[in-house]
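Written out below as structure tokens is the structure these notes cover.
On a predicted model such as this, the values are computed, not experimentally measured, just so you know.
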Amino acid sequence: MLGPLLRLLSGCSGVWPTSPAPGSASASGEDSEGRDGLLWWRDLARCHAGEVSLAVAQANQVLEDQCRLESAPPLGTVIGVFDGHGGPDAARFACDNLFPNLREASSGPQGVTANAVREAFLATEAGFLELVSRLWETQPDIATVGTCCLVGVVHKRTLFVASLGDSRAVLGKKVGRTGQIAAEQLSSEHNANQESVRQELMAQHPDDPQIVALKHGVWRVRGLIQVSRSIGDVYLKHAKYNTERIKPKFRLSESFTRPILSADPSIISRNLQPSDSFIIFASDGLWEHLSNQDAVEIVHNHQRAGSARRLIKAALQEAARKREMRYSDLTKIDKKFWTEQRKSLNSKRKVELTKLINTRNKRRRLPNTVTIDSIHEKNFLSPKGVLETVVIDVFVLPGTNIYMLTLGDTWSASTIDLYLHRRYYDYIGQDGILKKGREVMLTGCCLRTAIEGSGHARILPTEYMVMVLDEDQDEDAMLLAAQFCTYSFSSIILDESTNDVPYSFYARIEKIESLEPFSCTERKQIVLVDNDDVKMNFILWGEQVLLANLFSVGSMLALDRPFIANFVDSNHESQELCLEYGSATQVYVVPIAQQEEQVPFTPTQLKSQGPRLSCLPTDNVASQVTLPRDLHGSVDFSKYPCRVYVTDLRYKMVGVCLFGTITSVCKASASGTTFYLGVEDTTGVVLMKLIFIGPWSLGRVGVGHIVYISGLACTMSSKNIPEVSWLEKEPGSLFVNLSLLPALLNSSCLHNLAPLSDLPRLTNRTHICRVRLDHIDCNTLKVLLFHNVCGCVVNEHSGELQCSFCTSACHSGFARGFQLHLTIADDSAKVFAWCVGQTAIEFLQISPDEYLELPEDERAMYLYTLQNESFMVAIVNTRERVDGCDATDEALPNWEITRAQKCE
């Protein structure tokens, strides 16, 4: 029998009847219930669906989370996990109201259905919005409170799982008769750190380039919150609650017209099978430390009683290991400790780093950079993390000869002490370069946490530290001139005494790349170019590859006493020389100065108004934004705050994003990997070049499809025409076909329904319509071969099968599919349209092989039975076909259905 397992790591208070009513979750005499500090558990209890184990570990000073279990007719067994944020109010409200709303929504003859569950969620959201409205004048901060929701219902052997946010339900399934267990994730997670969620948000808000932002290494919606769906958080759903009445950190600089977050849950339903053993319902706290498979194996390999408490212990042990703490110390944490830690952090002295850091070299923050404040807050530092710091003080640890550095950074109010590695001791002293005010970058660090005796965190010694030099400072310029301008790469003479010569080199970083491992040892190569344009490779081995985290292309590298060796390629030593990071090597970096340019732009919200711009004052239209230039002098638009339009394209632009409608697509030549794509927006049309490393990899793309493309580079031809190019797998390169998004039809927050009568009037968009199938002509239905890669028709060419679009040879990468012409209708109009692939299968509700097996006289009859079926469709206007059909045939429809979903 199914045994639901409820477990909440990040903190909740269980709603559990002390004296169960008949039919509710009962607690038998064998139950073991207890509490230890911030840990509460109930090892085993019975309910209608089986047995339940619960445990709660409070992770915040104020308990923000709730959980609830009810087991009684007519609903069956219902479990809810409510992971609050910003305060406990939303979680408590959802815990108290969602179950009663579900009972009301399921009171009809059909009982519990997916629609009933959705209605319960939306009714709970509406109720909380009403509460916010009542309390707005006296308690405005309630508008910034929200909660994730994870609800499971076992009703008549059918399981429903609904989720908002990033809590997770995982099913443990027996694998045959092997005695093994497999994990199956049941719930969808709505967290901006997932690429699919970011794409969904960008599709919902195509005119908002800041809908997702990377903040402190974490993707957040509008830079504020990680989850994209929740109950509450009304300050991101209704603009009237995003005012000066709420705290500044929650306020948006610009108003919004549509909700940024959604309360529409993702819902799945499935019939329970004999192999289904148990389910784990948990907030994100568990899954930060345990994988799905690890969790189900912990439950499967032990007795049922205490499973939830066992999961908590495993997660806490893993958390302790990551933070280099003893588990016993972690379990001693209580509210008093948290309060003292917070006071200690707030009382840390603030350092005026602006007096010590000269801002003459504006440069980009390195990837993986962490702040000192975040180290203190999390009590954790990854070895791959990068610290860009300035030396605040140099001192000797009392009673020892150990040197310490006090470090600060420009983003933090706190400082942190570093045990200095002995290879840097020679650079300390009155004439040493390592002194107060020196900028240093370090990686490969380990943290001695505050709990381990010293009272505050310190960084243990690391070999991977570089000192930052500035050519505009006299002291640094003299060091570079005196020490690093004697030798060039061409002056190296390889003999037995080579490494006895104190070579020092000054060169520009041209490229940073990984090499093939050597005997399972990781390697990285930094390609250096000196002033004579001679190239030399600087090779890092094993753990040394961490040093590459401190380098950026274009920066200057000063290498003192590198080890000189023969380059090893494919496990064989060659005659080519290279540099290595030896025990006596010292590295200095002169970061690349970030050039900037003032770029005028017209704000998106004004430009979209079209002709109405003429009535606006000029001062309200034009503005300026400062953007960096790359190494080649091109303006980098990857951080541009507003949407770029075709008319904005200029010479030397990189990192450009465009949103528009495809007007044409074709291959540049039969044998190449370059394609041409025409894209149109409200200001014009541009022809762009798509360059692939291998064959086409973007799936099906057709005329009329709406696309979002990022990572574009723009140059000018000799005729002063913009030439736009896109290179596959380049950093920042992204291609999203919004017309083919899987979630386009089943997520009401992604669209507004349109009548078919609107189609002729609005052609440059993807319309979502609810229609009925009016007619399918058997004579126009074709079963063809389609290329799996690009979704286009495969034809026979010179005795071989070849894709009509990408011209790839199709030996096995093809499948049968339908090409379908049909008439759809609603109350306003009828439209003649076409579709292919999975969309056609959705209409016909039969596979191509099954259709071909039908006798000829039965095919027309089968198609006739499909008439008047209801569908949700996504439809676009197309004037050409890219699937190998004759585009000049007047009988071909002008409208393509890109997605279809049968309505119940």
Side-chain angles (χ1 to χ4, degrees), residues 661-679 687-707 709 725-729 733-742 780-821 833-844 847-849 851-852 874 876-889 891-900:
T661 305
I662 296 178
T663 59
S664 63
V665 57
C666 64
K667 193 170 185 178
S669 62
S671 59
T673 59
T674 300
F675 292 77
Y676 287 109
L677 186 75
V679 175
L687 184 66
M688 59 183 65
K689 184 187 297 183
L690 308 182
I691 304 170
F692 294 86
I693 297 175
W696 175 273
S697 62
L698 301 180
R700 209 175 84 75
V701 172
V703 172
H705 293 192
I706 308 298
V707 294
I709 311 172
S725 60
W726 180 86
L727 183 59
E728 181 192 27
K729 295 185 179 179
S733 293
L734 182 68
F735 189 104
V736 181
N737 190 337
L738 303 177
S739 298
L740 296 179
L741 282 178
T780 62
L781 192 154
K782 298 179 182 178
V783 177
L784 305 171
L785 296 180
F786 289 86
H787 192 194
N788 294 339
V789 175
C790 63
C792 294
V793 171
V794 173
N795 296 322
E796 186 173 346
H797 182 75
S798 302
E800 291 188 356
L801 294 177
Q802 186 181 74
C803 177
S804 59
F805 169 63
C806 65
T807 68
S808 298
C810 302
H811 303 294
S812 59
F814 59 88
R816 282 197 182 105
F818 292 112
Q819 176 186 293
L820 177 63
H821 298 175
W834 64 277
C835 59
V836 294
Q838 187 60 41
T839 303
I841 292 176
E842 185 71 24
F843 275 113
L844 297 178
S847 71
D849 292 336
Y851 179 78
L852 292 176
V876 300
N877 182 264
T878 174
R879 296 174 298 279
E880 300 178 40
R881 297 285 288 271
V882 296
D883 57 0
C885 298
D886 184 2
T888 62
D889 189 342
L892 288 177
N894 287 330
W895 296 94
E896 178 194 356
I897 300 174
T898 58
R899 284 279 175 187

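The heavy-atom pair separating Arg816 from Asp849 by the smallest distance is NH1-OD1, 2.8 Å. In this structure, Ser733 and Lys729 approach most closely via the heavy-atom pair CB-N, 4.4 Å. Here the closest non-hydrogen pair linking Leu687 and Ser664 is CD1-OG, 4.4 Å. In terms of heavy-atom proximity, Val783 sits nearest to Pro848 at CG1-CB, 4.0 Å. Scanning both residues, His787 and Ser808, for their nearest heavy atoms gives CE1-CB, 4.0 Å. Pairing each heavy atom of Thr839 with each of Ile897, the nearest pair is CG2-O, 3.5 Å.
Aromatic ring orientation, Phe675 versus Phe805: tilted (interplanar angle from 30° to 60°).
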What do the steps show when you test Leu698 against Phe692 for side-chain contact (heavy atoms from CB on, under 4.5 Å), and what is the final call? CA-CA 10 Å; Leu698 301 180; Phe692 294 86; 3.7 Å; yes
Please step through side-chain contact (heavy atoms from CB on, under 4.5 Å) for the pair Leu844 and Tyr851, ending with a clear verdict. CA-CA 9 Å; Leu844 297 178; Tyr851 179 78; 5.6 Å; no
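No option in Ile693, Ile691, Leu690 other than Ile693 meets the side-chain contact (heavy atoms from CB on, under 4.5 Å) test with Glu728.
Atom NE2 of His705 sits about 11.5 Å away from atom CG of Leu738, to the nearest 0.5 Å. For the atom pair Asn877 CG and Trp895 CH2, the distance stands at 4.0 Å (nearest 0.5 Å). Rounding to the nearest 0.5 Å places OG of Ser804 at 11.0 Å from CG of Leu785. Interatomic distance, CD1 of Ile709 versus CH2 of Trp726, reported as 8.0 Å (0.5 Å rounding). Between the CD atom in Gln802 and the CG atom in Asn795 there is a gap of 8.5 Å [rounded to 0.5 Å].
A search for side chain to side chain contact (heavy atoms under 4.5 Å, CB included) contacts involving Leu734 returns Glu195, Gln199, Met202, Tyr708, Ser710, Val736, not counting sequence neighbours. Contacts of Ala840 classified as side chain to side chain contact (heavy atoms under 4.5 Å, CB included), with partners at least two apart in sequence or in another chain: Phe818, Leu820, Cys835. Every residue meeting the side chain to side chain contact (heavy atoms under 4.5 Å, CB included) condition with Ala668, not counting sequence neighbours, appears here in chain and number order: Thr674, Tyr676.
For the pair Pro695 and Cys806, the minimum side-chain heavy-atom distance is 4.5 Å or more. Between Leu677 and Ile662 there is a side-chain heavy-atom pair separated by less than 4.5 Å.
A distance-only check finds no donor-acceptor pair linking the side chain of Ser725 to the backbone of Lys689 [under 3.5 Å].
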